[in-house]
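Have a look at the structure below before the remarks.
Numbers restart at 1 for each chain; the letters A, B, ... are given by sequence-line order, proteins then strands. For the numbers below, each heavy atom of this structure counts, side chains included, while hydrogens, waters and symmetry mates do not. Since the structure is predicted, the reported quantities are computational estimates derived from the model, not experimental observations.
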2 protein chains.
Amino acid sequence: MASTTRRTSAATADRRAAAEARTLGVVEKLLAEGASFTELSVERIASQAGLSRSTFYLYFRDKTELILRLTASLKSGTFEVGRDWGPDGPADGLTWLGDAYLRIIRHYRSRPGTYAAIMEVAGYDRTVREALEAGQRRFIDRVAGHLAEEQRAGRTSPALDPERAARVIVWGGEQVIARHVMDTEDDPAEDARVAHELAAAHWYGTYRRLSPA
Amino acid sequence: MASTTRRTSAATADRRAAAEARTLGVVEKLLAEGASFTELSVERIASQAGLSRSTFYLYFRDKTELILRLTASLKSGTFEVGRDWGPDGPADGLTWLGDAYLRIIRHYRSRPGTYAAIMEVAGYDRTVREALEAGQRRFIDRVAGHLAEEQRAGRTSPALDPERAARVIVWGGEQVIARHVMDTEDDPAEDARVAHELAAAHWYGTYRRLSPA
DNA sequence: GCTGCGCTGGACAGAGTGTCCAACACTTCG
DNA sequence: CGAAGTGTTGGACACTCTGTCCAGCGCAGC
């Protein structure tokens, strides 16, 4: 027998997906204009996205869901940047690392305010904090793996603890990049200098740490 | 002629100062119990401190002033820890740096939740953010000075940029310490391991960076 | 043209902030 | 003692924002 419920048209689903994407875009736009996430009211976000406040709550559980979605999209993009561990390849390892950091900086720059908003909400919301930590966990595991490899090959100090050293690199490095992007205007040359200074600190301090014999 | 306004008695001023200190203490206690600053209502803070909500607003401009005061007291304590730049002294520099970081970790541990609350409010309040940055500025200047000195003495790479390298150390290091304290239970042995891993990363990566000739 | 889905506007309860003020209590001084 | 000023309080208030709910409107599909 035929279903009594009328099937939802594909067009409707598309329209809804478009509206959600538009909403997230509006949030990023407002954040880029300097607003803090707390200052953004649902009314303002919804109206700018061409939705009523009621519809907003139909599409999103609450304001926090916006940040969770932005966290996922920002993190996945960042993780991609460091996909291929380059120092094994032909290029000079330090240069490769600096270039990778520069790409991450440029990625953050393309979405100014978004990372700051994530940090802001993570400050008082457990779910966002956990999402952020899960994203960092992936990085830490990857870096720890690389460090263990470098140790096995005798290219860095055997005294180094891969897991803790990886936390130092990921937590610290992310903060440096985030602060740099928040504090300074877009300037590719300065971005490159900071990226390479950070890379050098990590390279000589950890990836190729030469303990005195 | 005698002043018409009756002078405020010293006892009153003392009582008020005591009440303010008590209030700040209550806030730190509640934060240590796991509450986020946002969750803390003025009503709850005031009543626990034995004040009415009205009196709270007589003593503090607003909720944010609590955080500003806590920021000042936490920062001044941290800055003291690194007062005497030790590596010039007799002790091994790396060991000294690790011990200094350990003291900072222990300092943060003695006030669990406070740093997290500061970061939380800094996320949406400009004045708190600026207070935090001013505190870090002092550290950065100090570290940059030490690095320039190391360079002049030929003990670290001349390619290193003192100001940017100092930002990497201070921003990154503070984040590593904060995250470590927030994520783990009190464990002095683990604190020491993290402190010395962080110190080693900074030491070999920046203070004594040995670029290949 | 009927029917039902998607969306809207508006009302609502709840929580919290910061302001204001009248009233009470306490201290100090004449 | 009593007057007068100071410190503190409770309560009312205006405001903002969140998240829920629902009656109803319009449009698309049959």
Only pairs at least two apart or in different chains count here, so list each ring pair (Phe, Tyr, Trp, His ring centres under 6.0 Å) that has a residue in residues 118-142 of chain B.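 Non-adjacent pairs meeting ring pair (Phe, Tyr, Trp, His ring centres under 6.0 Å): B/Phe79-B/Phe139.
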
Scan residues 45-67 of chain B for pairs that pass ring pair (Phe, Tyr, Trp, His ring centres under 6.0 Å), counting only residues two or more places apart or in two chains.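 Pairs touching residues 45-67 of chain B that pass the test: B/Phe56-B/Phe60.
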
Exercise: do B/Thr114 and B/Glu28 side chains pair donor with acceptor under 3.5 Å: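 Checked: B/Thr114/B/Glu28 side chains pair up, N/O donor to acceptor below 3.5 Å.
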
In terms of side-chain heavy atoms, does B/Gln136 have a donor or acceptor partner in A/Arg179 at a distance below 3.5 Å?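 Their side chains do contain a donor-acceptor pair, which is all the 3.5 Å distance test asks for.
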
Which ones in residues 118-128 of chain A lie close to DNA chain D, meaning a heavy atom under 4.0 Å from one of its atoms?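 Close to the strand, none.
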
Near DNA chain D, under 4.0 Å by heavy atom, which residues of residues 18-30 of chain A?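 Under 4.0 Å from DNA chain D: no residue of residues 18-30 of chain A.
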
Could you state the [atom1]-[atom2] distance from [X] to [N], rounded to the nearest angstrom?
| X | N | atom1 | atom2 | answer |
| --- | --- | --- | --- | --- |
| B/Phe56 | C/dC20 | CZ | P | 17 Å |
| B/Phe60 | C/dT17 | CZ | P | 15 Å |
| B/Arg44 | C/dT17 | CZ | C1' | 17 Å |
| A/Arg15 | C/dC7 | CZ | C1' | 9 Å |
| B/Asp62 | C/dC20 | CG | P | 14 Å |
| B/Leu58 | D/dG10 | CG | P | 13 Å |
| A/Glu43 | D/dC15 | CD | P | 18 Å |
| A/Asp14 | C/dG6 | CG | P | 13 Å |

For [X], enumerate each residue passing the salt bridge (charged side-chain N to carboxylate O under 4.0 Å, His left out) test, keeping only those at least two apart in sequence or located in another chain.
| X | result |
| --- | --- |
| A/Glu20 | A/Arg16, A/Arg69 |
| B/Lys75 | B/Glu174 |
| B/Arg193 | B/Glu190 |
| A/Glu163 | A/Arg137, A/Arg167 |

Give a yes/no on whether any side-chain N or O of [X] is located under 4.0 angstrom from OP1 or OP2 of [N].
| X | N | value |
| --- | --- | --- |
| B/Arg61 | C/dG18 | no |
| B/Tyr57 | D/dT8 | no |
| B/Lys63 | C/dG18 | no |

Pick base, sugar-phosphate or nothing for A/Tyr59, based on heavy-atom distances below 4.0 Å to the nucleic acid.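 Answer is sugar-phosphate: A/Tyr59 comes under 4.0 Å of backbone atoms only.
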
Which residues satisfy the side chain to side chain donor-acceptor pair (under 3.5 Å) test with B/Asp187, sequence neighbours excluded?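 Listed in chain order: nothing, the list is empty.
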
Side chain of B/Ser41 (C-beta onward), nearest among D/dT9, D/dG7, C/dG16: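 Among the listed nucleotides, the one closest to the side chain of B/Ser41 is C/dG16.
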
Crowded around A/Glu185 CD? As in, over 12 foreign heavy atoms under 6.0 Å?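 For A/Glu185, atom CD is not crowded (no more than 12 foreign heavy atoms under 6.0 Å).
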
Please list, pair by pair, any protein nitrogen or oxygen found under 3.5 Å from a nitrogen or oxygen in nucleotides 9-13 of chain C.
unit_1, atom_1, unit_2, atom_2, d
C/dG9, N7, A/Ser54, OG, 2.9
C/dG9, O6, A/Ser54, OG, 2.6
C/dG10, O6, A/Ser54, OG, 3.0

Residues in side chain to side chain contact (heavy atoms under 4.5 Å, CB included) contact with A/Ala116, at least two apart in sequence or another chain: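 A/Ala116 satisfies side chain to side chain contact (heavy atoms under 4.5 Å, CB included) with A/Met182 once adjacent residues are dropped.
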
Under the side chain to side chain contact (heavy atoms under 4.5 Å, CB included) rule, collect the residues that match up with B/Thr127, sequence neighbours excluded.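 In terms of side chain to side chain contact (heavy atoms under 4.5 Å, CB included), with neighbours along the sequence ignored, B/Thr127 is linked to B/Thr64, B/Leu68, B/Asp125.
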
